[in-house]
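Input: a single structure, listed below in structure tokens.
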Number of protein chains: 2
Amino acid sequence: MNLIDKNLMLDQNQEDRAQSIRDSLRDAIIDRRLGPGSKLAEAEVGALFDVSRTVVRSALQMLAYEGLVRIERNRGAFVSNPTPEEARQVFDTRRLIEPGIVRAATVRISKADIEDLRDHLTLEERFMNERGPAARRAEIKASGDFHLKIARHSGNAILEKFMDELVARSSLVIALYGRTGVSRCGHSEHRDLLDAMERCDADRACDLMLHHIDHIEADLDLREVAAMTLKDALAT
Amino acid sequence: MNLIDKNLMLDQNQEDRAQSIRDSLRDAIIDRRLGPGSKLAEAEVGALFDVSRTVVRSALQMLAYEGLVRIERNRGAFVSNPTPEEARQVFDTRRLIEPGIVRAATVRISKADIEDLRDHLTLEERFMNERGPAARRAEIKASGDFHLKIARHSGNAILEKFMDELVARSSLVIALYGRTGVSRCGHSEHRDLLDAMERCDADRACDLMLHHIDHIEADLDLREVAAMTLKDALAT
DNA sequence: ATTGGTATTGTTGTATGCAATATCGCATGC
DNA sequence: GCATGCGATATTGCATACAACAATACCAAT
């Protein structure tokens with residue numbers, strides 16, 4: 001018993017600071033408090049979190065690996081601005097894997113977890129009915145979280161990680177190319193999806209998920225964005 | 001440990017050194033020159049590549065992010081040894097995304113690229129007919145590369161990255177749980193797959209890919225491995 | 001012989017210093 | 001007025017120093 005207690009204590013005490021900085025930055029990017037292109041200076045971030053640049057660097061590299069941040073040598077880290085092509089790839093990938101996730105989750109999810117998701121939906125709807133940019137951000141965040149919660153019930157940690165990345169990148173894409181900011185129909189679609197899952201109708205749930213992703217993408221305006229620097233233009 | 005390719009290092013003069021160290025370690029893990037559980041001490045790796053621990057640390061963190069290395073706080077980095085459950089998740093995920101990759105690649109691939117893949121197949125077969133552990137390693141590496149090359153023709157960089165991770169993790173899994181080391185039927189299956197792609201028969205290609213993945217997984221012995229330390233046993 | 005405790009050694013986590021590189025401001029020339 | 005060149009400034013890349021922690025060796029006691 002001494003062994004176990006000790007291990008638990010250590011686990012709780014030692015929270016990884018780089019990890020928590022990563023999470024904070026990640027949330028800020030997904031919430032659009034940090035827009036695409038924003039500079040993330042090591043010293044500045046370090047001062048905010050009261051850590052050295054070493055730790056900040058580590059956090060930035062994680063974000064770079066999942067594509068939320070672009071690191072340019074000797075220039076620093078910037079919040080990514082995905083091209084329309086990258087945006088398409090994000091949604092193509094989601095179309096490929098989310099139906100499988102929904103199928104797995106439909107089989108495994110419990111009644112209690114369905115209830116939890118229903119609570120989440122009412123939260124989404126509350127944000128939907130509020131006005132203002134803060135509510136808009138909360139709405140987008142909650143909408144992504146719905147997809148992540150489903151992934152968490154797929155029983156597959158790898159798929160879960162992939163979805164983390166895809167949902168985060170989707171948020172960036174919507175920030176850049178979204179027309180209405182978030183599609184109006186999104187939430188009734190979430191509800192229909194959940195209903196199908198509750199009925200254990202996996203085929204229907206997959207179908208709804210596919211159309212849902214299509215609708216999210218249809219709300220984007222993926223024409224090449226105008227203001228491109230010469231440098232970026234030549235980089236392609 | 002003879003991991004270093006001096007020529008490669010010289011090529012990368014100004015390029016990102018951490019990246020090239022990551023690639024070298026990655027190859028060594030995939031090639032099983034570094035077996036699951038091996039300790040990767042920062043100072044040791046740094047001495048081999050003639051860089052400071054800072055750079056090594058960055059490389060190790062990348063590998064940890066893609067699941068090839070496990071970093072334990074204050075203890076260091078070790079080559080992962082995936083559990084049977086993780087192994088199943090790797091193959092479940094491959095079953096989910098590789099058919100889509102093959103479908104996309106079948107549409108987009110050119111005649112010349114098909115030829116290139118055919119050359120790759122003859123290489124695989126050569127390794128298959130050789131004896132000895134070096135040939136075995138080369139065979140496994142080439143087999144994974146076949147899947148990666150197809151992913152590279154999907155036209156989707158995100159899927160490509162996901163496949164990089166999945167193929168690397170598969171190699172680890174096969175190293176741990178493989179019976180014959182590499183399935184005998186694998187290469188004729190590769191050839192059949194390529195034939196279907198050449199005929200632009202995407203449905204057939206998807207089907208072949210699914211069965212191919214099943215066959216790889218069927219060659220594994222995923223019963224719980226015996227020798228578990230008490231510490232690991234309590235960690236679950 | 002085994003357990004428990006303590007000193008020693010080695011390794012990792014983080015901060016910081018220095019060199020290399022990019023960025024910005026300013027002056028100069030056209 | 002605008003562009004160009006140059007020096008000052010700021011920021012990153014990397015190595016290293018030191019602190020914190022874990023692993024090991026060693027010794028004493030039962």
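Labels below follow one simple rule: chain letters A, B, ... track the order of the sequence lines, proteins then strands, and each chain is numbered from 1.
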From [atom1] of [X] over to [atom2] of [N], roughly how many Å is that when rounded to an integer?
X	N	atom1	atom2	answer
Ile71(B)	dT11(C)	CD1	P	17 Å
Arg73(B)	dA22(D)	CZ	P	9 Å
Arg17(B)	dT12(D)	CZ	P	18 Å
Asn74(A)	dA10(D)	CG	C1'	13 Å
Asp16(B)	dG13(D)	CG	P	8 Å
Phe78(A)	dT11(D)	CZ	P	12 Å

Next on the checklist: What residues from residues 38-60 of chain A pass a heavy-atom cutoff of under 4.0 Å to DNA chain D?
Outcome noted: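 Residues of residues 38-60 of chain A that come under 4.0 Å of DNA chain D are, in numerical order, Lys39(A), Ala41(A), Glu42(A), Arg53(A), Arg57(A).
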Checklist entry - Does Lys161(B) make a cation-pi contact with Tyr65(A), if we ask for NZ or CZ under 6.0 Å from the ring centre and within 45° of the axis? => result yes
Item to check | Sole residue of Arg88(A), Arg95(A), Arg94(A) in salt bridge (charged side-chain N to carboxylate O under 4.0 Å, His left out) with Asp92(A) | outcome: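 That would be Arg95(A); it is the only one of Arg88(A), Arg95(A), Arg94(A) passing the salt bridge (charged side-chain N to carboxylate O under 4.0 Å, His left out) with Asp92(A).
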Checklist entry - Is the CG atom of Asp50(A) crowded by more than 12 outside heavy atoms at less than 6.0 Å? => result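 Open: at most 12 neighbouring heavy atoms sit under 6.0 Å from CG of Asp50(A).
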Item to check | Given His215(A), His212(A), His120(A), the one that forms ring pair (Phe, Tyr, Trp, His ring centres under 6.0 Å) with His190(A) | outcome: His212(A)
Item to check | Nearest heavy atoms of Phe162(A) and Thr93(B), plus distance in Å | outcome: CE1-CG2, 3.9 Å
Checklist entry - Looking only at atom types and distance, does a side-chain atom of Ser154(A) sit under 3.5 Å from a main-chain N or O of Ala105(A), one as donor and one as acceptor? => result no
